[in-house]
Amino acid sequence: MILLLATALAAESPAWHAAQARQFLKRGWLDDADAEVRTGLLLDPAHVELNALCVELARGEGDIERALACASAGAAADTGDLDARAALSQAEAWLRSNFGFVEVRGPAGIGSVRAAIVSTSLLLDEELRAAVTGAGERARKGLPLPSRLALPAGDYTLHGERVHVEAGGTSLLTLPPSRFPSAAARGKRLDLGVGVAALSGHDLANQLPGLETELGFSAPLGTLRIGAAATWALRGYSGVDLGHEVSPYTIGGVLRLGMPLEIGKALVFAPGASLAGGMLPGLELACTLGGSPMACRPGRADADQLPVYATGFALVPGASFAMELNVGPLVLGLRGGIGHVFGVLPTPGVLDEDGQLTDWVSEPDVLHGAVYSGASTLSLGL
């Protein structure tokens, strides 16, 4: 029993984790060794051997910040082998005299970059050259923005921008939008759209194609883009004894949610969804005379019926796709969309005919149809 208890206690000691880590390191099991080191340091953050192993592992992975932290903690320990503590102090001094840091930032809306890191300084030390190579490989796979990089002191180009790294210091590198042809499309921007829209369906058969305009603002929302815009349409309608009537009462708004997908250095494909609302004039109803109120239904009036043209409200959920070309701070685009129109009638309503007010009611009170739209867009990155 005492032996089992002693074994259990030993398994929870920093020294036991250090021994395990050392064995795993000899076998090349780096992940297992690192797990043992991290577990042991939770028990004793100042353990000299564990910190020495931490420095060795971190330097091998190019994690200079962690190597510095472990070297500093081990060198400042109150107990432990003096030679080991001295070695950790020397390792800390060497790292601080040979490495610095770069804070890399990008334009708003850009969350990562595949960057090339090129050293323009002569590096003779093998570990320093390996550190640059490792940092470059990680950056080419994808560097989160903002990010903090450890690099040997010297001069570099990172994603085409020059940066000087001072030993023991931190340099700031803000990558300009010109290095990201799609930056304007991914950041905050002012959006303008001009196009055409056509409504279809039995209930909306008298609605004519017309001009659609919108002015709005959009911004990134994680990997998505959310936007809102005010809309106005110049759309006409036809009817019994009517030409092509045009009503100015077509004010509305739209909410958009899209997913920008970069398909080239300057091209972005953005499928999305939208919810639009606005006034819808000229909804045609056929009303039967004689009732109070008059009974109406959607459609063209027969000879014994009275045509009524009402202004309703349209609610349009839809889907869209856009192709955008980024030209500096400007984004030129084409957008197409399709949606289902719910045309809500103002029923019961009142008809003013030669000063005589007549009540009417429609059944159904919601008209249905489809809308197809296409637009040219121009956006300005803010």
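Note: hydrogens, waters and symmetry copies are ignored here, and every other heavy atom, side chains too, is used. What you see is a predicted model; the values in this text were computed from it and never measured.
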Inset, instruction - Please determine, by modelled atom types, if Ser218 and Asp191 share a side-chain donor-acceptor pair under 3.5 angstrom. - result: yes
Inset, instruction - To the nearest 0.5 angstrom, please state how far the CD atom of Glu61 sits from the CD1 atom of Ile64. - result: 10.5 Å
Inset, instruction - Would you please say whether a donor-acceptor pair under 3.5 Å links the side chains of His47 and Glu49? - result: no
Legend entry - Co-membership, hydrophobic cluster, residues Tyr237 and Val344, 4.5 Å side-chain: no
Inset, instruction - Tell me, with the steps shown, if Leu332 and Leu378 meet side chain to side chain contact (heavy atoms under 4.5 Å, CB included). - result: CA-CA 5 Å; Leu332 308 177; Leu378 174 64; 3.4 Å; yes
Inset, instruction - Under the salt bridge (charged side-chain N to carboxylate O under 4.0 Å, His left out) rule, what do Arg22 and Glu56 come out as? Steps first, then yes or no, please. - result: CA-CA 11 Å; Arg22 184 68 70 186; Glu56 184 177 349; 3.7 Å; yes
Inset, instruction - For the residue pair Phe269 and Glu324, establish whether any side-chain heavy-atom pair is separated by less than 4.5 Å. - result: no
Legend entry - Within one Ile-Leu-Val-Met-Phe-Trp-Tyr cluster: Phe99 and Val55, side-chain cutoff 4.5 Å: no
Legend entry - Sub-4.5 Å side-chain heavy-atom contact between Leu285 and Leu306: no
Inset, instruction - Heavy atoms only: give me the nearest Gln207-Pro281 pair and the separation to one decimal. - result: NE2-O, 3.2 Å
Legend entry - Any side-chain heavy-atom pair of Arg225 and Leu257 under 4.5 Å: no
Legend entry - Interatomic spacing from CZ in Phe101 to CZ in Arg148 - rounded to 0.5 Å: 5.0 Å
Inset, instruction - Check which hydrophobic residues are tied to Phe24 through side-chain heavy-atom contacts below 4.5 Å, counting indirect links as well, and list them. - result: Trp29
Inset, instruction - Please examine the side chains of Arg96 and Leu68, heavy atoms only from C-beta on, and report whether any two atoms are closer than 4.5 Å. - result: yes
Legend entry - Side chains of Thr311 and Leu280 in contact at under 4.5 Å (non-hydrogen atoms): no
Legend entry - Euclidean distance, Lys188 NZ relative to Phe217 CZ, rounded to 0.5 Å: 5.5 Å
Legend entry - Asp365 and Thr347 side chains, donor-acceptor separation under 3.5 Å: no
Inset, instruction - Would you kindly say whether Arg335 and Thr377 are connected by a side-chain donor-acceptor distance under 3.5 Å? - result: no
Legend entry - Side chain proximity check, Leu57 to Leu25, heavy atoms < 4.5 angstrom: yes
Legend entry - Derivation of the side chain to side chain contact (heavy atoms under 4.5 Å, CB included) call for Val104 and Leu175: CA-CA 7 Å; Val104 186; Leu175 299 175; 4.0 Å; yes
Inset, instruction - Please round to the nearest 0.5 Å and tell me the distance separating atom CG of Leu351 and atom SG of Cys296. - result: 8.5 Å
Legend entry - Arg38/Asp34 under salt bridge (charged side-chain N to carboxylate O under 4.0 Å, His left out): CA gap, chis, key distance, verdict: CA-CA 6 Å; Arg38 291 178 184 272; Asp34 188 61; 2.8 Å; yes
Legend entry - Donor + acceptor pair across side chains of Glu284, Tyr309 (<3.5 Å): yes
Legend entry - Residue pairs passing the salt bridge (charged side-chain N to carboxylate O under 4.0 Å, His left out) test where at least one lies in residues 125-140, sequence neighbours excluded: Arg59-Glu127
Legend entry - Minimum side-chain heavy-atom gap His164-Arg162 below 4.5 Å: no
Inset, instruction - Considering non-hydrogen atoms only, spot the tightest contact between Ser379 and Arg189 and give its length. - result: OG-NE, 3.5 Å
Legend entry - Distance, nearest 0.5 Å, that separates CG of Leu367 from CG of Asp203: 5.0 Å
Inset, instruction - Supply the atom-to-atom distance Thr79 OG1 to Asp44 CG, rounded to the nearest 0.5 angstrom. - result: 7.0 Å
Inset, instruction - Answer yes or no: is there a side-chain heavy-atom contact under 4.5 Å between Pro107 and Pro176? - result: no
Inset, instruction - For the pair His340 and His368, name the ring-plane relationship: parallel under 30°, tilted 30 to 60°, perpendicular over 60°. - result: tilted
Inset, instruction - Return yes when atom CG of Asp31 has more than 12 non-hydrogen atoms of other residues, nucleotides or ligands closer than 6.0 Å, and no otherwise. - result: no
